[in-house]
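Below is one structure, written out as structure tokens, with a few remarks after it.
Predicted, not measured: the structure shown is a model, and the values here were computed from it. Residue numbering restarts at 1 for every chain, and letters A, B, ... go by the order of the sequence lines.
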Amino acid sequence: MRLSRFFLPTLKETPTEAQIVSHRLMLRAGMIRQHAAGIYNWLPLGTRVLQNIIQIVREEQNAAGAQEIIMPTIQSGDLWKESGRYDDYGPEMLRIKDRHERDMLYGPTHEEVVTDIFRNNIKSYRDLPKNLYQINWKFRDEVRPRFGLMRGREFLMKDAYSFDINYERSKHAYNQMFVAYLRTFARLGLKAIPMKADSGPIGGDLSHEFIVLADTGESAVFCHKALLEKPAPSNVDYEADLQPIIDDWTSLYAATDDKHDPAMATTLGGDLVSARGIEVGHIFHFGKKYSEPMKANVIGPDGSPVTVMMGSYGIGVSRLVAAIIEASHDEHGIVWPESVAPFDIGLINLKVGDPDCDAACKKIHDALCLMHKDVLYDDRDDRAGVKFADMDLIGLPWQIVVGPKGVAKGVVELKRRATGQKEELSFDAAVAKLTVM
RNA sequence: CGGAGCGUAGCUCAGCCUGGUAGAGCGCCAGCUUUGGGAGCUGGAUGUCGGAGGUUCGAAUCCUCUCGCUCCGACCA
């Protein structure tokens, strides 16, 4: 992609409304623009990151046995009256009347809809278990949206819903999502720690929050040091008993400040880590809370109806974009983990119009594209400083700097964004180095 | 929902107190010069001063209402 044609409105100055670093950087890097309070447009750079995250979330959900569906954003109020939440939910739920004066709403969550899908289509215990998920926009009319995407009103969320015949099977579904989450966040380049959580208004008796550690996180968290070093499970057999993995992770102390037990924590001594965190995932087992009032039954082995056990599993996908930036940035801008970076490589032509520089860039660009690398080629007729600053700001993992001095010697400069480390390499060596990654 | 603040050029902001027909820096356009970390010079374009009403000979400025946005608190994926 040629930067001269790419829609990338970067800002040198920070817009006043942005308070936290992820919000500032997303605006400055031309990823998003605000449309209204807590509602954002996603520009091309932001869209690319969001889609990379979506893809990783999707792959891990599929691997864990969940199946993707798409539910409506606008829902009928009737289902919510049935579950009892139409009155419970409060003004946070955006209510809409259609032209026939029917009560509609913009979905803040989808338990009712998915339960309706289930009960209308699944009749036998033999069809269980099922885990259905979607990646879709939701709206919660927060009293006070803030922190950019971190606390927006409209947000992209992955929400999965499991259906099982009994508690034991349901717990297994919960464990599957637990493990899938560990893997998902690790792939996103994040340290996310599962912490015991209140199940809140959604209800239920088993619940964990996944907290990303970032210095600028909104809440204080405490955990055992060993959790930070623990690698995500690999080669997982999702059909096997996952309880040992869960126990391994949950046996170590981890709590958000509202659940924090100072007495318990002091027993850890020097192993206690006190940090700040951002909630990016939340999993609940809530049993029959919705299946009971909404009559989501299947016929059991003995021929009598059984109310199914459910769980729900959320990941704040759009919030993750902000969380990753909070966890990975420096004074110059964003530092993307390779797995979510909007492009793999930024190619800077320091002297556009110089035949040698142009030719060298074209050669490198074509070679990398041939190897299926996403390259953002800065072919703008601008000063070097502007290009360096923009490239650091948008945080691509690698930069190749092509300038007249280097080209005369047959070399380019390869820079690692995360470390700032630079090395001079021949054209071929630079391409070779980047294509083995 | 309580408390506070801000709306003036694409962005950051000055002007408002003390009314007199709208500014700076950056960005944008053209040209020249420059060229390895957000350049220099010259010229140029851009505003219903958030909106409505009122006071006044005259309102960005004073008054009233209204809309939007932000911050602190309570609440929250």
Side-chain angles (χ1 to χ4, degrees), chain A residues 9-20 23-24 27-28 30 33-39 89-93 107-110 135-160 181 197-202 207-212 218-219 256 258 277-284 312-323 331-333 348-354 357 378 380-393 399-409 411-413 415 420 422 424:
Chain A
T10 56
L11 302 173
K12 190 156 33 167
E13 294 180 90
T14 303
T16 18
E17 76 260 20
Q19 297 299 312
I20 63 167
H23 192 194
R24 288 202 293 260
L27 289 168
R28 286 194 52 213
R33 286 292 182 266
Q34 180 162 318
H35 171 82
I39 302 176
Y89 218 94
E92 208 177 61
M93 183 158 78
T109 178
H110 283 73
I135 297 169
N136 209 349
W137 293 93
K138 300 193 186 316
F139 192 89
R140 293 184 191 167
D141 199 358
E142 297 280 345
V143 197
R144 191 184 159 211
R146 61 182 134 174
F147 304 146
L149 291 180
M150 205 68 87
R151 270 298 290 287
R153 292 194 292 172
E154 187 182 53
F155 55 98
L156 188 65
M157 185 172 177
K158 186 283 301 182
D159 46 323
Y181 277 33
D198 268 328
S199 44
I202 298 185
S207 174
H208 287 89
E209 290 177 358
F210 287 74
I211 307 281
V212 165
E218 40 182 352
S219 52
T256 54
D258 48 320
I278 302 163
E279 183 185 348
V280 291
H282 203 156
I283 59 179
F284 304 88
S312 80
Y313 314 92
I315 291 179
V317 177
S318 50
R319 169 182 278 195
L320 269 169
V321 181
E331 57 191 310
H332 303 295
I348 298 178
N349 186 343
L350 286 180
K351 193 165 185 179
V352 173
D354 176 85
C357 286
D378 190 346
R380 296 175 301 177
D381 185 13
D382 243 319
R383 298 186 58 84
V386 173
K387 300 187 175 205
F388 289 133
D390 271 347
M391 205 52 91
D392 283 348
L393 176 63
Q399 298 172 11
I400 302 177
V401 181
V402 178
K405 290 180 200 163
V407 168
K409 291 189 291 179
V411 298
V412 294
E413 183 183 276
K415 176 179 157 185
K422 301 171 187 171
E424 289 203 333

Residues A:Arg140, A:Arg153; criterion side-chain contact (heavy atoms from CB on, under 4.5 Å); working and verdict: CA-CA 5 Å; A:Arg140 293 184 191 167; A:Arg153 292 194 292 172; over 6 Å; no

Rounded to the nearest 0.5 Å, how far does NZ of A:Lys12 lie from CG of A:Leu393? 12.5 Å

In this structure, how many angstroms lie between the C1' atom of B:A77 and the CZ atom of A:Phe147, rounded? 15 Å

Just to be sure I understand the rule, does A:Gly90 reach a base, reach only the sugar-phosphate, or reach nothing, if contact means heavy atoms closer than 4.0 Å? nothing

Rounded to the nearest angstrom, tell me the gap between atom CZ in A:Arg319 and atom P in B:A77. 8 Å

Taking any strand in view, what nucleotide pairs with B:C65 in a Watson-Crick or G-U wobble way, both distances under 3.5 Å? B:G51

Side chain to side chain, A:Lys415 and A:Asp392, heavy atoms closer than 4.5 Å: yes

Between atom CZ in A:Arg146 and atom C1' in B:A4, what is the gap in whole Å? 14 Å

Winner on side-chain proximity to A:Val143, out of B:C13, B:G25, B:C1, is B:C1

Heavy-atom nearest nucleotide on RNA chain B for A:Glu92 versus A:Thr16: which residue maps closer to 5'? A:Thr16

Taking only the C1' atom of each, what is the distance from B:A59 to B:A52 in whole angstrom? 14 Å

Measuring only between side-chain heavy atoms, which start at C-beta, is A:Val401 closer than 4.5 Å to A:Phe388? yes

G-U wobble or Watson-Crick pairing nucleotide for B:U18 (cut-off 3.5 Å, both distances): none

Rounded C1' spacing from B:U18 to B:C62 in Å: 11 Å

Under 3.5 Å for both donor-acceptor distances, Watson-Crick or wobble: does B:G2 have a partner, and if so which one? B:C72

Go nucleotide by nucleotide along RNA chain B from the 5' end; which of A:Arg144 and A:Leu156 gets its closest nucleotide reached first? A:Arg144

In whole Å, measure the gap between the C1' atoms of B:G3 and B:A74 for me. 11 Å

With P as the reference atom in both, quote the distance from B:U12 to B:G50 in angstrom, rounded to an integer. 15 Å

Taking B:C11 as the reference, what is the distance to B:U48 when you measure between their P atoms (whole Å, please)? 11 Å

Does the base of B:C76 carry an N or O that pairs as donor and acceptor with the side chain of A:Arg151 under 3.5 Å? yes

Rounded distance [0.5 Å steps], CG in A:Asp378 versus CD in A:Gln399: 10.0 Å

Expected output: side-chain A:Lys158 to main-chain A:Tyr313 donor-acceptor under 3.5 Å: yes

Counting side-chain heavy atoms from C-beta on, which of B:A74, B:U12, B:U70 comes nearest to A:Gln19? B:U70

Full working for side-chain contact (heavy atoms from CB on, under 4.5 Å) between A:Val352 and A:Lys387: CA-CA 12 Å; A:Val352 173; A:Lys387 300 187 175 205; 3.6 Å; yes

Base contacts versus sugar-phosphate-only contacts with protein, heavy atoms under 4.0 Å: please encode nucleotides 35-41 of chain B as B, S and - from 5' to 3'. -BBBB--

With rounding to the closest Å, how many angstrom separate the C1' atoms on B:A4 and B:A45? 39 Å

For B:A59, the Watson-Crick or wobble counterpart (both distances under 3.5 Å): none

Nearest-angstrom distance, P atom, B:G25 to B:G43: 12 Å

In whole angstrom, give the distance that lies between atom CE of A:Met93 and atom P of B:C76. 17 Å

What integer distance in Å separates A:Ile39:CD1 from B:C69:C1'? 13 Å

Between A:Arg140 and B:C75, does any side-chain N or O lie under 4.0 Å from OP1 or OP2? no

Rounded P spacing from B:C67 to B:G51 in Å: 15 Å

Applying a 4.0 Å non-hydrogen cut-off, can you work out what A:Glu17 is touching in the nucleic acid: base, sugar-phosphate, or nothing? sugar-phosphate

For A:Thr256 and A:Glu279, run side-chain contact (heavy atoms from CB on, under 4.5 Å): C-alpha distance rounded to whole Å, both residues' side-chain angles, the deciding distance at 0.1 Å, then the answer. CA-CA 10 Å; A:Thr256 54; A:Glu279 183 185 348; over 6 Å; no

Base-pairing assignment for B:C32 (Watson-Crick or G-U wobble, both under 3.5 Å): B:G40

Who pairs with A:Tyr89 by ring-ring contact (aromatic ring centres under 6.0 Å, His included), at least two apart in sequence or on another chain? A:Trp80

I need the CE-C1' distance between A:Met150 and B:A77, as an integer number of Å. 12 Å

Nucleotide B:C69, atom P - distance to CZ of A:Arg33 in whole Å: 17 Å

Specify the separation, in whole Å, of atom OH of A:Tyr89 and atom P of B:A77. 8 Å

